[in-house]
Amino acid sequence: MRDPAFPHRHLLGIEGLTPAEINHLLDLSDRYVAFNRGQERSSEALKGRTTVNLFFENSTRTRTSFELAALRLGANVINMQVESSSVAKGETLIDTAVTLNAMHPDVLCVRHPDSGAVKLLADKVNCAVVNGGDGSHEHPTQALLDALTIRRRKGRLSGLLVAICGDVLHSRVARSNFLLLLTMGARVRIIAPRTLIPAQVDRMGVEVFTDMNAGLKDVDIVMMLRVQNERMKGSFIPSVREYFRFFGLDRAKLSQAKPDALIMHPGPMNRGTEIDSDVADDFERSVIREQVELGVAVRMAVLEVLAQNNRAINIGKVA
Ligand code: NCD
């Protein structure tokens, strides 16, 4: 039977999820946090199942985290090395998907540099698909792990004031976070130079600031973003020095936020560009390592629910 609290076949984005569905994934993730902190750390929830990590873009933590999550659930895991596969020989995304699908995996975890590519792929396969980041569109498991980190530290999401700062224009992390945080009743500010603010973002219901000191005033959460040079076609920032001076998080700018505000970053960090090591490594306030830890738990929850749903869907088809 499909999980009635999260009946979806895929997790392609946060868009369209209800607060109850998000809470369900977070509750399940919470259980896996305790599990991962325990002695045993191995379950049979996905015994006999296969997950495939198909990454068309570089990744350290996300791919490792999906892999570890699947292994802890007892699944078999395949990591597709895209550079050495047929993709390098010119096989299209869809051909790759159809080929992998013919081998009957249960879940495909996919990262791709083009927005929308993961959805395209999901339409061609009959296994479950998790979006591990598509272009500057969505990165749902990152938003879920960020939400779990906040919820565990602050006890809630609703009513909190969250500042998302930096290269919002190129950031799928920012987009998935707006969608999730606004759905859960948080207030969201973005703080960025004009060149890195997406058009019409204010229509999504976020407040926009171009000044860090003004934008950080009284916030509960300071979420920094990496300056994504690889996605920039042209020049968006004058220089690293200039960027750090106005938009880099340091002790002085942080003093505008609430005294108990948390510092977050999805990684990888550019120290000295968007964040000063002094605040990144302040373990009273920085929860950056905890985000990585909780990422495994969130991915375990997502894999478990989707594998269950996928099985129910395919049994339904045979019957
Ligand atoms: C993010 C990503 O790849 O979108 N990183 C991650 O998943 N931990 C953010 C980034 O690359 O800056």
Side-chain angles (χ1 to χ4, degrees), residues 11-15 29 53-70 79 82 109-119 129-150 162-181 190-193 196-198 221-233 236-237 240 243-244 247-249 262-275 280 286-303:
L11 179 66
L12 302 177
I14 297 298
E15 191 168 9
S29 304
N53 293 322
L54 179 60
F55 276 60
F56 296 88
E57 238 186 35
N58 291 340
S59 166
T60 315
R61 70 209 75 213
T62 306
R63 198 196 51 71
T64 320
S65 177
F66 272 116
E67 181 172 357
L68 198 54
N79 288 304
V82 173
C109 305
V110 188
R111 170 170 285 192
H112 197 281
D114 296 337
S115 303
V118 180
K119 162 90 169 71
V129 176
V130 184
N131 182 0
D134 64 326
S136 45
H137 179 229
E138 282 232 38
H139 190 354
T141 56
Q142 180 71 44
L144 287 164
L145 75 89
D146 291 339
L148 185 67
T149 308
I150 299 172
V162 182
I164 303 182
C165 317
D167 187 0
V168 180
L169 181 66
H170 300 102
S171 180
R172 53 198 177 204
V173 174
R175 228 184 93 78
S176 290
N177 263 298
F178 302 154
L179 292 163
L180 189 149
L181 292 164
I190 63 169
I191 315 175
L196 295 176
I197 299 173
I221 309 290
V222 184
M223 194 182 283
M224 300 309 298
L225 299 172
R226 182 172 65 89
V227 174
Q228 302 196 29
N229 290 307
E230 77 279 14
R231 291 191 211 286
M232 295 185 187
K233 295 185 184 75
F236 287 80
I237 61 172
V240 166
Y243 186 86
F244 182 72
F247 293 96
L249 186 69
L262 301 178
I263 302 164
M264 304 178 75
H265 193 303
M269 280 185 274
N270 292 314
R271 292 169 182 265
T273 303
E274 71 264 1
I275 193 162
S286 163
V287 291
I288 297 170
R289 285 203 220 160
E290 199 167 305
Q291 288 173 267
V292 177
E293 182 200 356
L294 303 194
V296 178
V298 160
R299 290 173 179 120
M300 288 170 84
V302 169
L303 290 176

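Counting convention: from 1, in listed order, for ligands and their atoms alike.
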Inset, instruction - Please confirm whether P266 comes within less than 3.5 Å of ligand 1 when only nitrogen or oxygen atoms on both sides are compared. - result: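 Yes; the residue has a nitrogen or oxygen that sits under 3.5 Å from a nitrogen or oxygen of the ligand.
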
Inset, instruction - Could you tell me whether V173 and ligand 1 have an N or O pair separated by under 3.5 Å? - result: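 For ligand 1, there is no N or O atom that lies under 3.5 Å from one belonging to V173.
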
Of the protein's non-hydrogen atoms, which lies at the shortest distance from [atom], and what is that distance?
atom                    : answer
atom 5 (N) of ligand 1  : G267 O, 3.0 Å
atom 12 (O) of ligand 1 : R226 NE, 2.7 Å
atom 3 (O) of ligand 1  : R172 NH2, 2.9 Å

Legend entry - Interfacing atoms of ligand 1 (cut-off 4.0 Å, heavy-atom, T62):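 Reading through ligand 1 atom by atom, the close ones are 6 (C), 7 (O), 8 (N).
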
Legend entry - Atoms in ligand 1 with a heavy atom of H139 nearer than 4.0 Å: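 Atoms satisfying the 4.0 Å criterion: 2 (C), 4 (O), 6 (C), 7 (O).
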
Inset, instruction - Start with the C-alpha distance between N177 and M223, add both sets of side-chain angles, then the distance that settles side-chain contact (heavy atoms from CB on, under 4.5 Å), and finish with yes or no. - result: CA-CA 10 Å; N177 263 298; M223 194 182 283; 3.5 Å; yes

Legend entry - Approximate separation, where rounding is to 0.5 Å, of I275 CD1 and C165 SG: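 Reported value, rounded in 0.5 Å steps: 9.5 Å.
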
Legend entry - Non-hydrogen side-chain atoms of L145 and E293 separated by less than 4.5 Å: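 In short, these two side chains do not touch, never coming nearer than 4.5 Å.
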
Legend entry - Flag side-chain contact, heavy atom, 4.5 Å: H265 against E274: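 Yes, their side chains come closer than 4.5 Å.
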
Inset, instruction - Kindly confirm or rule out a cation-pi arrangement of R299 over F66, judged by NZ or CZ under 6.0 Å from the six-membered ring centre and within 45° of its axis? - result: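 Yes.
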
Inset, instruction - Tell me, please: is R111 in heavy-atom contact with ligand 1, that is, under 4.0 Å? - result: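 R111 counts as a contact of ligand 1 under the 4.0 Å cut-off.
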
